[in-house]
Structure formats: C-alpha cells, structure tokens
Student: 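Have a look at this one before I ask anything.
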2 protein chains.
Amino acid sequence: MPGQVQSIARAAAILRLLASSSGRLGIGEIARSLDLPKGTAHGIVRTLQDVGFVEQDKTSGKYQLGAALLHLGTSYLDVNELRSRSINWADPLAARSGEAVRIGTLLDGKVLVVHHVFRPDDTLQTLDVGSLLPPHATALGKVLLAYDVGAANAVMQGEPEPYTRRTLVTVRTLTRALTGIRDNGWGAEIEEMTLGEAGIAAPIRGYGGLVVGAIGLSGPIDRVCDGQGHPRPALVAYVRDAARAVSRDLGAARW
Amino acid sequence: MPGQVQSIARAAAILRLLASSSGRLGIGEIARSLDLPKGTAHGIVRTLQDVGFVEQDKTSGKYQLGAALLHLGTSYLDVNELRSRSINWADPLAARSGEAVRIGTLLDGKVLVVHHVFRPDDTLQTLDVGSLLPPHATALGKVLLAYDVGAANAVMQGEPEPYTRRTLVTVRTLTRALTGIRDNGWGAEIEEMTLGEAGIAAPIRGYGGLVVGAIGLSGPIDRVCDGQGHPRPALVAYVRDAARAVSRDLGAARW
DNA sequence: AACCCCGGTCGACAATGTCGAACACTGTTG
DNA sequence: CAACAGTGTTCGACATTGTCGACCGGGGTT
C-alpha cells in the first residue's frame with residue numbers, strides 16, 4: 001500500500017487530539033503533543049479552521065473542534081447501513097425487553113455506539129450515540145472482540161482498566177469469556193462496568209457472515225438476571241432474535 | 001491570511017461531498033465532481049480511509065463517510081459551550097411550554113441543530129441534532145440571520161426554496177422580517193416550513209453581546225399561536241427568558 | 001473477444017507544504 | 001517599569017511532498 005498524504009494524516013491526528021483532550025488546546029500544545037514545528041501545526045490548524053473543522057476561541061486564542069464535524073458525523077449515521085437496518089429491530093427489542101438497547105461497532109479497538117433506544121419507562125437518560133465504550137467491560141464490546149482476534153489481542157496487550165471488582169482484566173479470563181461467546185453465539189456482562197448494571201449482546205453479521213456489529217440491552221441487574229445471577233433466558237432469546245433479524249436484513253447468508 | 005494547505009482543503013471538500021450526496025460514491029465520481037485527477041483523489045481518499053474518516057464498501061468499491069467522524073462529531077458536542085450551557089435551560093423551556101425545543105447556530109449559512117429536547121408528551125420524534133435546517137423558513141434561522149448580515153445576504157442571493165405558500169422567498173419580505181426580529185428581539189415562523197407547524201425563537205448572545213446561537217420551540221400551529229394567528233405571548237416570554245438565561249450563562253454582559 | 005467502465009498503481013516532475021527563525025502581542029515577574 | 005516568558009502568527013528558502021497522467025488488472029456489457 002503506497003504512502004499516506006502526510007498533511008492529511010497530520011490533520012486527522014490534530015482532530016483526534018482535540019477530541020480526546022476534551023477542551024481547548026493552544027497551538028503550542030498541539031505542536032508539542034504531535035512533535036510538529038509550531039509553524040507547521042499552525043498552517044494545518046488554520047486550514048482546518050477555514051473548512052470549519054476547528055474553531056478558535058477569540059479571547060484565549062485556543063482551538064477546539066468545529067461545528068462542521070457535527071454535521072459530518074450525523075451524515076455518517078444516515079449512510080451507515082448497520083444503523084439504518086437495525087433501527088427497525090431495536091425499537092421492538094426495547095419494547096419487548098423493557099430495557100435500553102444499543103447497537104455498536106468496533107472503531108479503533110473501542111465500541112462505537114451507532115444507535116441507542118432509551119429504556120421505555122425512564123426518560124432521564126443521556127443519548128450516547130457517538131460515544132466510545134470500553135470493549136472489555138461491556139457486553140457489546142466482548143461480543144465484538146470475540147469475532148475480531150486482532151482487536152482482542154490489542155485489548156489484551158494494553159492494560160484493560162478495572163471499572164469494578166468484576167471487570168475482566170487478565171488475559172486468561174478475557175480469553176475464556178470470548179471463547180464462551182463464540183461457543184454460545186451471545187455474551188453478557190454483569191457488573192463489570194457499573195455496579196448494579198448488566199447487559200446482554202449478540203453479534204450482527206453482514207454480507208458473507210462477517211461480524212460487523214453487535215446489538216444488546218442493558219439495565220439493572222435484578223431485571224436483566226434471574227435468581228441465580230444468570231442472564232434471563234427470555235431476554236437472551238430476544239437479543240439473539242433481534243441480532244439475527246438485523247443480520248438477515250444486512251444480507252448475511254443464512255445468518 | 002496566508003494560503004491554505006491544499007491537500008487538507010481538498011480532503012475536506014471530499015468529506016463534504018460524501019456527506020451531501022448521501023450514499024456511496026466511486027473514486028471516479030469524486031474526482032469528476034471536484035475536478036481532480038483520479039490519482040490525486042485516490043491518494044487523498046486512501047489516507048482518509050486509513051484514519052477512519054471514510055470507509056469503502058468492499059463489494060462495490062465505493063466510498064462513504066467513516067465511523068471516526070461520528071465520534072469526532074459528538075466530541076464537538078461535548079466541547080461546545082453553547083450546547084452545554086443551554087441544556088439546563090432547554091429542558092425547563094420544553095416542560096413549561098409543552099413543545100419541542102431546539103438550539104441552533106449558523107454553519108455555512110444554514111442552521112445547525114446542536115441540541116434538541118423532544119416535546120414532553122410525544123415520544124415518536126426523530127432526534128435531529130447535527131442536521132441542517134433551512135435558515136429562511138425556520139424561526140431559529142431567521143433569528144440567526146437577523147444578527148448576521150453576511151449570512152442574510154448570502155441567503156437572499158441564492159434562491160430560497162419555497163416549502164409552503166407562506167415561506168418567505170423574496171428579498172423584500174425577508175428583509176422586513178429580519179428587521180422586525182431585530183426590533184422585537186425575537187422571531188416566529190408560521191407554516192413557512194411545514195403546514196400546520198409554527199415556531200418561536202430568540203437570540204442567544206455570547207461574550208461581548210455577539211449573537212452566537214438561537215433557542216426556540218416549535219409545534220402545532222393551534223398550540224403555538226392564539227386565535228388571531230399570532231404567537232402566544234406567554235410562549236414568547238418563555239423563549240425570551242430562556243434565551244436570556246443562556247446568554248447570561250455564556251457571559252454576555254447584561255445580555 | 002473486443003470494448004468500456006471501474007478502482008488501483010507507479011514514477012517523474014515541480015508545485016507544494018514544511019520548517020525554524022523572527023514578529024507582535026499579552027500577562028507576568030523580577 | 002522593564003525584562004521576560006508565554007502566546008498565536010507570519011515569512012521565505014528549501015526540498016520534501018503531493019500531485020499528475022499514463023498505465024495496470026479486473027468485471028461487466030456489448
């Protein structure tokens with residue numbers, strides 16, 4: 001594969017940097033973080049500003065992400081086939097299960113939420129479409145990792161952050177969990193991200209049977225799990241049905 | 001102002017092109033649309049693909065926007081001060097008025113929705129954060145135009161699209177409407193975008209008194225307007241109060 | 001099998017972006 | 001109050017870099 005266009009790669013790095021370090025950054029900080037000459041960084045940032053990808057706070061002179069990115073991001077949602085196909089099935093799943101439903105895909109080793117249906121009863125929830133979830137501590141994430149060995153290895157190389165006492169952080173436990181998911185065709189997460197919360201997810205397959213995303217629900221542990229602390233079979237069936245339906249819509253041969 | 005970085009400006013143009021022509025585009029179409037050599041376009045697109053800003057459909061070989069943009073877009077929302085400051089006031093406004101509330105800002109002559117609160121009663125609404133609304137046919141848009149002569153002129157240069165019979169499309173009517181908004185400090189829209197729908201909006205001022213956005217509500221005409229076909233004074237007061245509150249939060253001196 | 005479209009590649013050329021020093025400005029510090 | 005340490009910004013020379021158009025290789029269609 002031939003080389004990249006240097007300036008564009010650098011511009012993308014600046015945008016990612018601005019996104020990660022939420023808040024405003026000065027040109028000096030940008031240049032230092034990416035090891036670029038100040039003048040070079042300034043030229044790139046100025047261009048990004050002209051096209052609306054970054055904005056400058058007049059008083060402090062610092063830079064932040066621009067409004068044009070918001071529109072591009074939502075335009076992506078309009079095009080994304082995984083999202084558009086799954087919307088029809090996410091609502092029924094939320095209604096049947098009574099829990100919040102999310103659909104995610106892997107982006108750069110993390111889980112990108114492309115669709116989110118609120119829990120039917122409760123309205124005070126924050127929409128987290130577009131946010132990134134940790135792959136090792138969510139049902140969606142573990143399902144996605146189970147079918148992407150590259151990403152799974154990358155996660156295990158890095159040190160998975162322990163959110164709770166039950167978060168899987170060792171290579172052994174994670175590997176076993178992923179194997180279990182592959183065997184069963186679905187996965188769960190019980191208080192591995194947040195105490196009192198649990199989730200169930202299943203893989204969505206696209207054309208050719210490749211796993212392109214995951215759909216899952218999450219909610220209070222006493223509603224998602226039965227007395228023995230296992231995910232309720234009925235909910236698991238709902239999730240798997242929804243995943244199969246979306247996969248069929250996406251053209252996965254015999255799921 | 002010194003020149004732009006050519007390749008970055010071109011890359012941005014490609015992204016905008018992909019966003020506007022919703023759907024997938026081939027490398028040839030991209031090159032033709034932007035009048036670039038095929039090889040050049042391919043190099044840029046390949047780099048954009050490497051950084052996750054565009055994705056390629058394996059089967060057709062065509063390109064579309066990538067997932068990384070979604071995350072960048074929502075990261076923008078986290079940073080955007082207009083949004084974060086207005087969230088606290090948008091919910092009460094929706095509750096008091098009983099209507100859907102939106103907050104917008106000007107992007108490239110159109111209204112970019114940065115926040116959206118659903119109408120309290122109804123749940124079947126589509127979230128349109130990140131979408132672009134026509135400036136001349138919405139209350140938010142006309143308010144924003146009233147305080148941005150440049151954008152207003154640009155809109156009047158182009159031919160404003162008539163959505164309904166009541167849409168303002170001539171320079172004379174539009175100018176008069178904007179003048180009225182400046183005099184009153186608020187604006188309305190009655191069936192200019194959709195039949196049976198109306199809206200009320202007021203400007204949000206940032207540091208220094210500059211108008212940086214607008215907040216408004218919209219709903220069925222018989223709820224938003226009184227018997228004479230004028231916006232209900234109580235609702236207007238609610239909207240203006242909310243706009244003032246947000247402006248104060250943003251540091252606008254004595255609004 | 002000839003054709004025409006597609007996306008992708010390659011290499012020569014020079015236009016392009018990069019780079020570091022210098023600038024103007026602000027707020028702080030001695 | 002002046003020197004300083006920051007900031008964002010500009011400039012011009014250099015050569016790295018990206019551009020360009022011809023050339024591949026493959027699918028369809030004619």
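Letters A, B, ... mirror the listed sequences (proteins, then strands); counts begin at 1.
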Student: For A/His115, what residues pass the ring-ring contact (aromatic ring centres under 6.0 Å, His included) criterion, not counting sequence neighbours?
Tutor: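 For A/His115 there are no ring-ring contact (aromatic ring centres under 6.0 Å, His included) partners, ignoring immediate neighbours.
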Student: Under the side chain to side chain donor-acceptor pair (under 3.5 Å) rule, what pairs show up with a residue in residues 31-41 of chain A, not counting sequence neighbours?
Tutor: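 Sorted result for residues 31-41 of chain A: empty, none.
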Student: Given atom CD of B/Glu29 and atom C1' of C/dG7, what is their separation to the nearest angstrom?
Tutor: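 It is 12 Å, rounded to the nearest whole Å.
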Student: Report the distance from atom CG of B/Leu25 to atom C1' of C/dC5, rounded to the nearest whole Å.
Tutor: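 The answer, rounded to whole Å, is 17 Å.
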Student: Look at atom CG of A/Asn153 and say whether more than 12 heavy atoms of other residues, nucleotides or ligands are closer to it than 6.0 Å.
Tutor: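 Correct, the count exceeds 12.
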Student: With respect to the phosphate group of C/dG8, does any side-chain polar atom (N or O) of B/Tyr63 fall under 4.0 Å of OP1 or OP2?
Tutor: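 So the side-chain polar atoms of B/Tyr63 do come within 4.0 Å of the phosphate oxygens OP1 or OP2 of C/dG8, strictly under.
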Student: Can you list every pair that meets side chain to side chain donor-acceptor pair (under 3.5 Å) and has a residue in residues 84-93 of chain B, with sequence neighbours left out?
Tutor: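 Qualifying pairs: B/Glu81-B/Arg85, B/Trp89-B/Asp249.
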Student: Using a cut-off of 4.0 Å between protein heavy atoms and nucleotide atoms, how would you tag nucleotides 19-30 of chain D 5' to 3' with B, S and -?
Tutor: SBB---------
Student: Rounded to whole Å, please give me the gap between CG in A/Asp50 and P in D/dT9.
Tutor: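 Distance, rounded to whole Å: 11 Å.
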Student: Between A/His42 and D/dG8, is there a side-chain N or O to OP1/OP2 distance below 4.0 Å?
Tutor: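 No, no such contact exists.
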Student: By nearest atom, which of the nucleotides C/dC6, D/dG8, C/dG7 is closest to the B/Arg32 side chain?
Tutor: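 Selected nucleotide (nearest to the side chain): C/dC6.
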Student: Test of understanding: with ring-ring contact (aromatic ring centres under 6.0 Å, His included), list the residues that count as partners of B/Tyr163, not counting sequence neighbours.
Tutor: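 Expected list: B/His136.
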Student: Could you name each residue pair satisfying side chain to side chain donor-acceptor pair (under 3.5 Å) that touches residues 65-75 of chain B, not counting sequence neighbours?
Tutor: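 For residues 65-75 of chain B: none.
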Student: Could you tell me whether the phosphate oxygens of C/dG8, OP1 or OP2, come under 4.0 Å of any side-chain nitrogen or oxygen in B/Gln56?
Tutor: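 So the side-chain polar atoms of B/Gln56 do come within 4.0 Å of the phosphate oxygens OP1 or OP2 of C/dG8, strictly under.
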Student: Specify the separation, in whole Å, of atom CD1 of A/Ile27 and atom C1' of C/dC23.
Tutor: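 That distance rounds to 16 Å.
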Student: Whole Å only: how far is the NZ atom of A/Lys62 from the P atom of C/dT26?
Tutor: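 Going from A/Lys62 (NZ) to C/dT26 (P), I get 17 Å.
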